[in-house]
Visitor: 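Sending over a structure as structure tokens; questions will come in a sec.
We use all heavy atoms of the structure for the numbers below, so side chains are in, but hydrogens, waters and symmetry mates are not. Residue numbering restarts at 1 for every chain, and letters A, B, ... go by the order of the sequence lines.
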Amino acid sequence: MSLALIAALPFLGALLPGLMIRAGRTACATATGAVTALALFLLALQAPAVLRGEVVQTRIDWLPALGLNATFFLDGLGLLFAGLILGIGLLIILYARFYLSKSDPMGQFYTYLLLFQGAMVGIVLSDNILLLLIFWELTSLSSFLLIGYWKHLPEGRQGARMALAVTGGGGLAMIAGMLILGNIVGSYDLTVILENKDLIQASDWYLPALILILLGAFTKSAQFPFHFWLPHAMAAPTPVSAYLHSATMVKAGLFLMARMWPVLAGTPEWFWIVSTAGLVTMVMAAKIAFFKDDLKALLAFSTVSHLGLITMLLGFGTKAAATVAVFHIINHATFKAALFMSAGIVDHEAHTRDLRRLGGLRTLMPITFGIVVLASLSMAGIPPLNGFLSKELMLEEAAHTTWITPWAMGLLATIGAMFSVAYSFRFLAHGFLGPVRDDYPHKPHDPGFGLWAAPGLLAALVVIIGLVPMATAAWLVDVAASAVTGEAVHVHISHWHGLYAPALWMSLAAIGGGLVMLGAYPRLRAMWDATPRPEAKRIFDGIVEPLAALSRSVTEGLHNGGFARSLVLAVLAIAGAAYWAFDGGSHLAGSRPTLPVTPVTAIVWAVMVIAALVTPFLHRNRLVALILTGVVGLLIAPLFMLFSAPDLALTQLSVEVVTILLMLLALHFLPKETPVESTVPRRLRDAGIAGIAGIGIGGLAYAMMTRGPAFDPISHFHLAQSKPGAGGTNAVNTIIVDFRGYDTFGEIIVLGIAALVIFALSRTLLHDATVNRRLAAQPRQAESGDRHPMMLVVSTRLLLPMAMMVGVYIYLRGHNLPGGGFVAGLVFAIAYLMQYMASGYDWSHARQRYDHHALIGWGVLIASLAGIGPWFLGLPFLTSGYEYVHLWPLEEFEVATAAIFDLGVFLCVLGAILLALASLSRLALRTGEGANTRAYDIEEGT
Amino acid sequence: MELLVAIAIGTLTAVGIYMTLRLRTFPVILGLTFLSYAVNLFLFVSGRLTLNAAPIIGTPEPYADPLPQALVLTAIVISFGMTAVIMIMAIGGYLSAGHDRIDLDAAEDGDAK
């Protein structure tokens with residue numbers, strides 16, 4: 001359970017920042033930090049077992065038959081990554097608190113951050129690959145929100161879109177690859193897949209699966225040729241860049257390659273694809289980084305380069321190289337996060353990140369300078385810092401790897417390292433050394449402790465890991481590398497490998513070459529500026545724009561804003577499909593005996609059908625159309641009654657009354673006539689389409705009614721269990737409140753939401769100036785002399801208590817006889833509506849003691865309580881019970897918990913109907929109709 | 001009797017579809033109401049027609065199928081909710097746009113993008 005909780009905590013916690021921001025920015029950051037810290041604490045509790053070599057597992061079965069289970073596992077690799085994600089996440093939360101300005105919506109930022117964090121933790125803890133894929137896509141989505149956080153900047157939006165398109169597209173490829181993998185092994189559990197190396201590598205589908213999965217990993221980790229999105233994602237606020245590009249997002253691709261390493265690595269295909277992509281990325285990105293003037297762009301390309309380095313090491317496919325890769329993941333996270341945060345500090349203080357406008361910050365920002373020196377020298381690979389240790393090991397591995405020729409890999413790796421030294425030194429030299437200038441956009445000085453605390457801590461780690469790697473990092477590398485390689489790894493990290501180690505000389509060459517490059521920077525820069533280069537963004541836009549145009553033309557071709565046109569197409573398509581099915585089946589008449597026609601039914605039927613048929617001819621007078629609709633609706637009730645459905649008859653009758661009232665009220669605001677707009681051919685066409693659909697549906701209904709059911713109905717169960725199981729004799733009511741209580745629960749909530757939507761919409765309309773002007777300008781209807789006739793007022797008031805009694809009676813008998821909460825709610829609603837009609841809105845509203853919203857709320861609450869109640873007895877949601885009670889002087893009667901549920905239904909229906917109609921009435925008051933405060937219009941004494 | 005009910009369902013469907021193909025909001029909403037009647041009746045008759053067989057336990061058998069009845073009962077109430085929501089949308093549309101046409105004009109189409 002605990003692993004699932006670690007993954008779920010950030011998602012649950014994502015609700016907090018939005019609430020806590022009301023208590024201030026510090027409270028918001030503290031709450032966010034507390035969530036992450038708690039998750040980190042839970043992870044730490046699991047750490048001892050993992051360090052002993054155990055694999056911690058959590059399993060929640062969901063759909064085992066489909067292989068869909070929420071399974072999590074934690075091994076060394078998961079521990080390393082989860083630790084990095086949560087640990088650096090904590091530092092980022094602290095940093096962001098002081099980085100974001102007052103105008104930035106901080107609650108939103110922390111919510112996005114936690115969502116992203118949860119998705120990342122989910123990836124590294126998932127055992128089920130389908131679950132992993134879901135988290136994978138969630139990182140793409142949540143990083144989109146983070147990168148585009150500054151919505152007002154076009155670069156932010158474009159960068160976010162590009163990142164989403166590239167990583168999301170790669171994610172789709174990866175889904176296919178993972179499904180192939182799951183299919184080969186016959187299981188979607190990672191732990192099972194990882195044990196089937198031979199099966200997977202022998203499969204014909206190995207190469208397609210490998211390529212698809214690598215597409216996902218390469219796009220996420222910005223490997224060549226998908227590297228271009230990462231620098232554009234730098235438009236994000238610096239805390240986001242520091243988080244996404246040091247420890248998390250881009251490392252997800254590396255994580256996946258490391259995770260799949262035991263089954264995918266070791267083949268020539270893996271070696272050539274992965275190590276080549278890594279090598280090219282490393283060298284190319286390092287070269288570009290050297291020529292970037294924006295601190296964050298430089299760091300972005302440096303990140304791409306380091307990701308390439310790690311990818312290359314994983315591509316070698318040897319245990320030693322994989323171990324170095326793991327070690328470099330740790331080191332890169334520490335120094336790169338520190339550097340990103342420092343770049344953010346410079347930007348924050350000097351208001352620019354452009355190296356051409358900086359320089360001399362050494363004396364102005366000594367603390368930041370100290371952090372940057374340590375981190376950038378580590379990035380350059382200068383002893384004794386931690387970056388040196390892993391870079392030295394990398395060069396050693398490269399020197400012993402044959403790629404095309406025995407020496408090519410070593411040479412290119414050295415060149416990559418040289419560029420890396422060069423841009424690291426340039427970052428330091430052009431940003432911080434040199435003379436103090438007097439033309440900074442803003443006079444820089446060191447920030448407060450809050451801002452430099454996080455990078456400072458990371459810089460300290462850079463030094464500590466660098467000085468005593470065996471004590472601080474080796475244990476973590478051991479356990480993570482063991483998990484990657486599937487064999488026990490005991491790493492030995494040291495600073496000195498002897499004079500004969502090729503890495504020593506490669507390192508020296510790289511440092512020397514890097515210093516020369518820095519010295520020759522102006523000349524190299526002139527050459528660089530003179531060479532034409534492909535612009536990735538332009539190519540990307542060139543591909544995306546035609547695609548977008550294509551999809552736009554398809555969408556607009558299908559939907560041009562014409563409602564009727566879409567509807568005609570839909571009706572014809574459905575009719576065509578139905579005809580196709582009909583044409584393939586038998587057309588024999590059913591053999592079920594039919595019922596004889598009785599005179600009363602024939603009359604009801606004839607009136608109903610005639611009323612329906614004349615509606616299309618008379619519909620331009622809207623009042624007439626409404627009356628005809630009401631006639632049809634009311635006549636359906638006796639049909640229900642006749643065919644043994646008294647409950648439906650009651651409901652139909654009362655709903656019809658309410659519906660017609662609502663429409664009458666609505667007609668008050670709308671034009672009273674429908675103008676003639678469509679041509680005769682068009683009307684004939686519509687009639688033809690309607691006729692086809694009518695004949696089809698009518699024929700289908702006839703065919704159905706003249707046949708017995710194809711399968712035995714399940715209703716025998718409901719009829720048999722109605723009394724013994726639910727304690728009621730009305731089988732329809734017991735289905736509603738008991739057997740299918742869950743459905744009903746959902747339905748009353750939907751009804752409540754519908755009423756709230758109506759309320760909200762009418763409120764919005766009330767606050768709209770145009771709407772108010774149009775309302776006031778509504779043509780006044782000819783009014784009757786007495787808007788509130790005394791006869792009506794008196795009779796409705798007399799009727800009110802009686803109507804309520806009827807409602808209560810219908811509610812109480814509902815469990816055993818036709819009736820129940822739905823009908824009772826409707827009857828009550830009609831009783832109240834009569835008061836509104838007779839005595840006016842204001843008079844009635846002033847006497848209303850219970851808020852309509854509260855009625856809905858109470859209804860849902862009571863229904864929920866009836867549902868939750870059984871939990872305390874250890875029974876499932878909405879289990880009902882009943883008891884017979886004898887209470888003198890009453891007859892023995894039955895008390896069922898389902899009645900409590902039905903009370904909830906009653907209140908919700910009542911509240912929803914009253915709220916809907918009251919909302920419309922409030923609009924009506926704006927039409928200039930005089931509000932009445934008394935029940936009668938007749939002035940007393942006149 | 002089955003034939004009469006089938007004709008009624010067909011008629012309600014045809015009228016409903018004809019009305020929803022009109023160009024103004026009010027007839028379209030009336031059309032949807034007709035369609036709701038048709039659909040509810042159709043669902044109801046899937047339990048087949050029976051006379052004097054209300055599903056009240058204790059009365060003489062046989063009983064009508066109670067399940068379609070329960071489904072249709074809630075459907076009737078939900079139809080009301082739906083009608084009410086589109087009604088307020090129609091009113092809002094009319095009051096803000098100044099007309100109650102249901103198709104988007106070319107100019108409005110541009111805004112909607």
Visitor: So which part of B:Ser79 gets closer than 4.5 Å to some heavy atom of chain A, the side chain, the backbone, both or neither?
Guide: neither
Visitor: Which word best sums up how the rings of B:Phe44 and A:Phe643 line up, parallel for under 30°, tilted for 30 to 60°, or perpendicular for over 60°?
Guide: tilted
Visitor: May I ask you to check whether over 12 heavy atoms, not counting those of A:Asp743, lie within 6.0 Å of atom CG?
Guide: yes
Visitor: Check each atom of A:Thr629 against the heavy atoms of chain B and say whether the ones under 4.5 Å are side chain, backbone, both or neither.
Guide: both
Visitor: Cation over ring, A:Arg565 on A:Phe563, under 6.0 Å and within 45°?
Guide: no
Visitor: So with a 6.0 Å cut-off around CE of B:Met89, is the heavy-atom count from everything else above 12?
Guide: no
Visitor: Pick one of side chain, backbone, both or neither for B:Ser96, based on which atoms fall under 4.5 Å of a heavy atom in chain A.
Guide: both
Visitor: Does the gap between the ring centers of B:Phe34 and B:Tyr18 come in under 6.0 Å?
Guide: no
Visitor: Would you mind checking which part of A:Asn816 comes under 4.5 Å of any heavy atom in chain B, side chain (CB onward), backbone (N, CA, C, O), both or neither?
Guide: backbone
Visitor: Given a strict heavy-atom distance threshold of 4.5 Å, which part of A:Val771 is in contact with chain B: side chain, backbone, both, or neither?
Guide: both
Visitor: Shorter than 4.5 Å, heavy atoms on both sides: which option in A:Ser678, A:Ala693, A:Ala731 has the most such pairs with chain B?
Guide: A:Ala731
Visitor: I need the residue from A:Lys723, A:Gln652, A:His716, A:Arg740 with the largest number of non-hydrogen atom pairs under 4.5 Å to chain B.
Guide: A:Gln652
Visitor: Taking side chain as everything from C-beta outward and backbone as N, CA, C, O, which of these in A:Thr601 sits under 4.5 Å from a heavy atom of chain B? Side chain, backbone, both or neither.
Guide: side chain
Visitor: Does any heavy atom of chain A fall under 4.5 Å from the side chain of B:Leu49, the backbone, both, or neither of them?
Guide: both
Visitor: Under 4.5 Å, counting heavy-atom pairs only, tell me which of A:Ala602, A:Ser919, A:Pro675 racks up the most with chain B.
Guide: A:Pro675
Visitor: Given a strict heavy-atom distance threshold of 4.5 Å, which part of A:Leu650 is in contact with chain B: side chain, backbone, both, or neither?
Guide: neither
Visitor: Within the supplied structure, the quantity of interest is the number of heavy atoms (other residues, nucleotides, ligands) at a distance under 6.0 Å from A:Arg682 CZ; does it exceed 12?
Guide: yes
Visitor: Check each atom of B:Thr59 against the heavy atoms of chain A and say whether the ones under 4.5 Å are side chain, backbone, both or neither.
Guide: neither
Visitor: Is the closest basic N to carboxylate O distance between A:Glu677 and B:Arg22 below 4.0 Å?
Guide: no
Visitor: What part of B:Asp100 is in contact with chain A, defined as an atom under 4.5 angstrom from a non-hydrogen atom: side chain, backbone, both or neither?
Guide: side chain
Visitor: Checking B:Thr11 against chain A: side chain, backbone, both or neither under 4.5 Å from a heavy atom?
Guide: side chain
Visitor: Sort out for me which of A:Trp605, A:Phe640, A:Phe739 touches chain B most, counting heavy-atom pairs under 4.5 Å.
Guide: A:Trp605
Visitor: Specify which of A:Thr770, A:Leu751, A:Leu665 makes the most heavy-atom pairs with chain B at under 4.5 Å.
Guide: A:Leu751
Visitor: For A:Ile758 and B:Ala84, work out which heavy atoms get closest and say how close.
Guide: CD1-CB, 3.3 Å
Visitor: So which residue, A:Ile913, A:Val750, A:Leu917, ends up with the most heavy-atom pairs under 4.5 Å with chain B?
Guide: A:Ile913
Visitor: Heavy-atom distances under 4.5 Å only: say whether A:Thr598 touches chain B with side chain, backbone, both or neither.
Guide: both
Visitor: Rounded at 0.5 Å granularity, tell me how far OG in A:Ser762 sits from CG in B:Leu95.
Guide: 11.5 Å
